[in-house]
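Please read the structure below before turning to the comments.
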Amino acid sequence: MSTLFGKALAVVGMAVFMAAPALSEPEAPWGMASLEVVDYAPQKVVYDVAEGDPERFDRILDRVSFLNNVYDADPFDASIVLVLHGDEIAFFAIENFGEHGELMRRAQSLTLAGPIQFRMCEAAAHARGFAPEDIHGFVHMVPMADAEIIRLQQEEGHVFMQ
């Protein structure tokens, strides 16, 4: 009788053991993520920016600002360049400061923190009716966005980001 009892106990035990993960982990069957501690060295980065939605553009500024903080705003070894060539150009127009003033104050303040620069495609600005004198002074105009992105990668060692 003890053998029969042992077998029954083993079957019940197996059923409970097999059911336990399904009962206790329905939403996290693989457990939880672990955080890896990584010390990031400052890098040279170029962002290809074409974003006409002010809220999404603000999130790009969030990413750039966070990266700058990760790099400790190192002006010697880090360089973060945003090359502007899309509908966001209108945000930087002096005539639109009333509508986009807060966004522009934030963008300009990022240039004071260290290695962040805004470069705007003159051809794209011209296509939207803007000349260099129509754009806020913290922006550097370059002849062509694509050529500037290529130059920054090939000649200055910047890594491409979108």
Side-chain angles (χ1 to χ4, degrees), residues 21 24-162:
S24 65
E25 299 180 18
E27 295 177 19
W30 303 281
M32 295 179 291
S34 60
L35 178 62
E36 292 189 30
V37 177
V38 179
D39 186 25
Y40 294 108
Q43 303 291 326
K44 294 180 176 183
V45 181
V46 57
Y47 282 84
D48 179 357
V49 181
E51 180 53 66
D53 180 88
E55 290 180 17
R56 288 196 299 256
F57 186 78
D58 195 45
R59 286 195 293 273
I60 292 169
L61 296 182
D62 287 342
R63 288 176 54 205
V64 169
S65 178
F66 188 66
L67 183 61
N68 190 44
N69 290 338
V70 167
Y71 291 163
D72 292 324
D74 184 329
F76 300 107
D77 293 326
S79 173
I80 303 170
V81 180
L82 292 87
V83 178
L84 313 168
H85 61 94
D87 290 337
E88 76 287 345
I89 287 172
F91 305 157
F92 291 82
I94 294 167
E95 69 183 37
N96 295 329
F97 186 71
E99 183 179 355
H100 300 292
E102 184 177 332
L103 191 60
M104 288 302 95
R105 283 185 187 93
R106 178 156 188 240
Q108 189 273 340
S109 74
L110 290 175
T111 66
L112 302 175
I116 298 173
Q117 293 182 22
F118 291 90
R119 298 187 188 169
M120 182 179 290
C121 176
E122 192 275 331
H126 180 75
R128 288 165 174 78
F130 299 111
E133 60 270 12
D134 300 323
I135 303 299
H136 291 293
F138 66 91
V139 176
H140 304 275
M141 284 285 206
V142 295
M144 182 188 182
D146 294 343
E148 183 67 4
I149 291 168
I150 292 166
R151 188 188 72 74
L152 286 168
Q153 291 178 87
Q154 296 296 318
E155 296 177 16
E156 295 188 18
H158 285 68
V159 177
F160 180 78
M161 294 290 294
Q162 269 185 316

Specify the closest pair of heavy atoms between [X] and [Y], including all atoms of both residues, with the distance to one decimal.
X: A93; Y: H136; value: O-NE2, 3.8 Å
X: H85; Y: C121; value: CB-CB, 3.8 Å
X: L84; Y: I89; value: O-CD1, 4.4 Å
X: D134; Y: G129; value: OD2-O, 4.0 Å
X: F91; Y: P54; value: CZ-N, 3.6 Å
X: N68; Y: P115; value: OD1-CD, 3.1 Å

Rounded to the nearest 0.5 Å, what separates atom [atom1] in [X] from atom [atom2] in [Y]?
X: R63; Y: I80; atom1: CZ; atom2: CD1; result: 11.0 Å
X: I135; Y: H140; atom1: CD1; atom2: NE2; result: 13.5 Å
X: I149; Y: M144; atom1: CD1; atom2: CE; result: 9.0 Å

Query raised in the report: Is R151 salt-bridged to E148, going by a charged N under 4.0 Å from an acidic O?
Result: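 Between E148 and R151 there is a salt bridge, with a charged N closer than 4.0 Å to a carboxylate O.
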**Report entry** Geometric class of the F92/F118 ring pair [parallel <30°, tilted 30-60°, perpendicular >60°]
**Finding:** tilted
Does [X] use its side chain to pair, donor to acceptor, with the backbone of [Y] at less than 3.5 Å?
X: R119; Y: V81; answer: no
X: Q108; Y: M104; answer: no
X: R128; Y: A124; answer: yes
X: E88; Y: E51; answer: yes
X: E36; Y: S34; answer: no
X: D53; Y: E55; answer: yes
X: N96; Y: A90; answer: yes

Requested in this report: Please report the C-alpha distance between F97 and R105 in whole Å, then the side-chain angles of each, then the deciding distance to 0.1 Å, and finally whether the side chain to side chain contact (heavy atoms under 4.5 Å, CB included) criterion is met.
Outcome: CA-CA 9 Å; F97 186 71; R105 283 185 187 93; 3.5 Å; yes
Report task. Apply side chain to side chain contact (heavy atoms under 4.5 Å, CB included) to the pair F130 and M120, showing each step before the final yes or no. Result -> CA-CA 11 Å; F130 299 111; M120 182 179 290; over 6 Å; no
Query raised in the report: Should we count CD of E102 as having more than 12 external heavy atoms under 6.0 Å?
Result: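 For E102, atom CD is not crowded (no more than 12 foreign heavy atoms under 6.0 Å).
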Query - Check against side chain to side chain contact (heavy atoms under 4.5 Å, CB included), V83 and L152 - result: CA-CA 10 Å; V83 178; L152 286 168; 4.2 Å; yes
Query raised in the report: Hey, are the side chains of F57 and V49 touching, using non-hydrogen atoms and a 4.5 Å cut-off?
Result: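 A side-chain contact exists here, since the closest heavy-atom pair is under 4.5 Å.
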**Report entry** Close side-chain approach of L103 and L61, heavy atoms under 4.5 Å
**Finding:** yes
Report task. Before giving the answer on side chain to side chain contact (heavy atoms under 4.5 Å, CB included), spell out for L67 and Y40 the whole-Å C-alpha distance, their side-chain angles and the decisive distance to 0.1 Å. Result -> CA-CA 10 Å; L67 183 61; Y40 294 108; over 6 Å; no
